[in-house]
Amino acid sequence: MKYRKNSSTSKVLKHLMEGNTLSQLEAMPPSKFNTIRLGAIIKVLRDRGHDIITETVRLENGKSYGRYRMDI
């Protein structure tokens with residue numbers, strides 16, 4: 001399925017397909033992804049058949065966050 005060329009969804013998909021990872025903090029404005037809803041974009045991509053993996057990153061203070069990637 002095609003996505004609008006400059007949409008956040010197409011930018012996230014292209015970034016992941018290039019072998020990069022992405023976290024919510026990296027996707028926040030004023031980044032090129034310009035989204036505060038990365039989780040929603042990931043869900044849309046998964047629902048459309050893309051195999052996106054979530055890695056949990058644990059910080060020394062006990063907190064954690066998700067980092068998304070694709071196996072290319």
Side-chain angles (χ1 to χ4, degrees):
M1 172 164 222
K2 289 200 159 217
Y3 305 97
R4 286 190 337 239
K5 184 176 181 179
N6 289 321
S7 70
S8 295
T9 303
S10 66
K11 289 176 185 177
V12 168
L13 179 59
K14 181 177 185 280
H15 184 77
L16 295 175
M17 290 182 79
E18 290 173 345
N20 300 305
T21 63
L22 188 61
S23 70
Q24 178 62 57
L25 186 60
E26 296 165 323
M28 297 286 287
S31 75
K32 69 179 181 180
F33 307 105
N34 198 35
T35 184
I36 59 171
R37 305 252 321 156
L38 180 60
I41 291 173
I42 296 298
K43 181 176 181 344
V44 166
L45 292 172
R46 284 178 174 156
D47 288 349
R48 293 182 180 172
H50 297 283
D51 187 21
I52 299 172
I53 300 159
T54 304
E55 297 176 335
T56 301
V57 178
R58 301 212 183 275
L59 303 174
E60 290 181 13
N61 63 7
K63 295 184 179 187
S64 62
Y65 66 93
R67 178 171 292 284
Y68 302 102
R69 69 176 175 86
M70 293 176 80
D71 283 338
I72 305 298

Whether the side chain of T35 engages the backbone of A27 through a donor-acceptor N/O pair (distance < 3.5 Å, no angle test) should be reported.
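No.
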
Hey, could you give me the [atom1]/[atom2] distance between [X] and [Y], rounded to the nearest 0.5 Å?
X   : Y   : atom1 : atom2 : value
D51 : L16 : CG    : CG    : 11.0 Å
L38 : S23 : CG    : OG    : 7.5 Å
T21 : Y68 : OG1   : OH    : 12.0 Å

Shortest non-hydrogen separation from N34 to S8 and the atoms involved:
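Scanning both residues, the minimum pair turns out to be O-OG, 4.0 Å.
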
Looking at residues at least two apart in the chain, or sitting in another chain, which of them share a salt bridge (Lys or Arg N to Asp or Glu O under 4.0 Å) with D71?
R69

Go through the structure and list residues passing salt bridge (Lys or Arg N to Asp or Glu O under 4.0 Å) with E18, not counting sequence neighbours.
K14

Pick one: which of L13, T9, V12 meets side chain to side chain contact (heavy atoms under 4.5 Å, CB included) with I42?
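The option that passes is V12.
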
Is it the case that one hydrophobic cluster holds both I41 and M28, taking links as side-chain heavy atoms less than 4.5 Å apart, direct or via other members?
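Each belongs to a different hydrophobic cluster.
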
So which pairs with a foot in residues 31-45 pass salt bridge (charged side-chain N to carboxylate O under 4.0 Å, His left out), sequence neighbours left out?
K43-D47

With sequence neighbours left out, write down each residue that passes side chain to side chain donor-acceptor pair (under 3.5 Å) with T54, or none if nothing qualifies.
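Scan of T54 (side chain to side chain donor-acceptor pair (under 3.5 Å), adjacent residues dropped) gives R46.
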
Would one find more than 12 heavy atoms of other residues, nucleotides or ligands at under 6.0 Å from atom CD1 of I36?
no

Does the side chain of R67 come within less than 4.5 Å of L22's, by heavy atoms?
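No - every pair of side-chain heavy atoms lies 4.5 Å or more apart.
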
How about L25 and Y65: do any of their side-chain heavy atoms sit closer than 4.5 Å?
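No, side chains not in contact.
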
What residue pairs, at least two apart or across chains, pass ring pair (Phe, Tyr, Trp, His ring centres under 6.0 Å) with a residue in residues 4-36?
H15-F33

N/O donor-acceptor pairs under 3.5 Å from side chains in residues 56-64, not counting sequence neighbours:
| unit_1 | atom_1 | unit_2 | atom_2 | d |
| --- | --- | --- | --- | --- |
| N61 | OD1 | K63 | N | 3.0 |

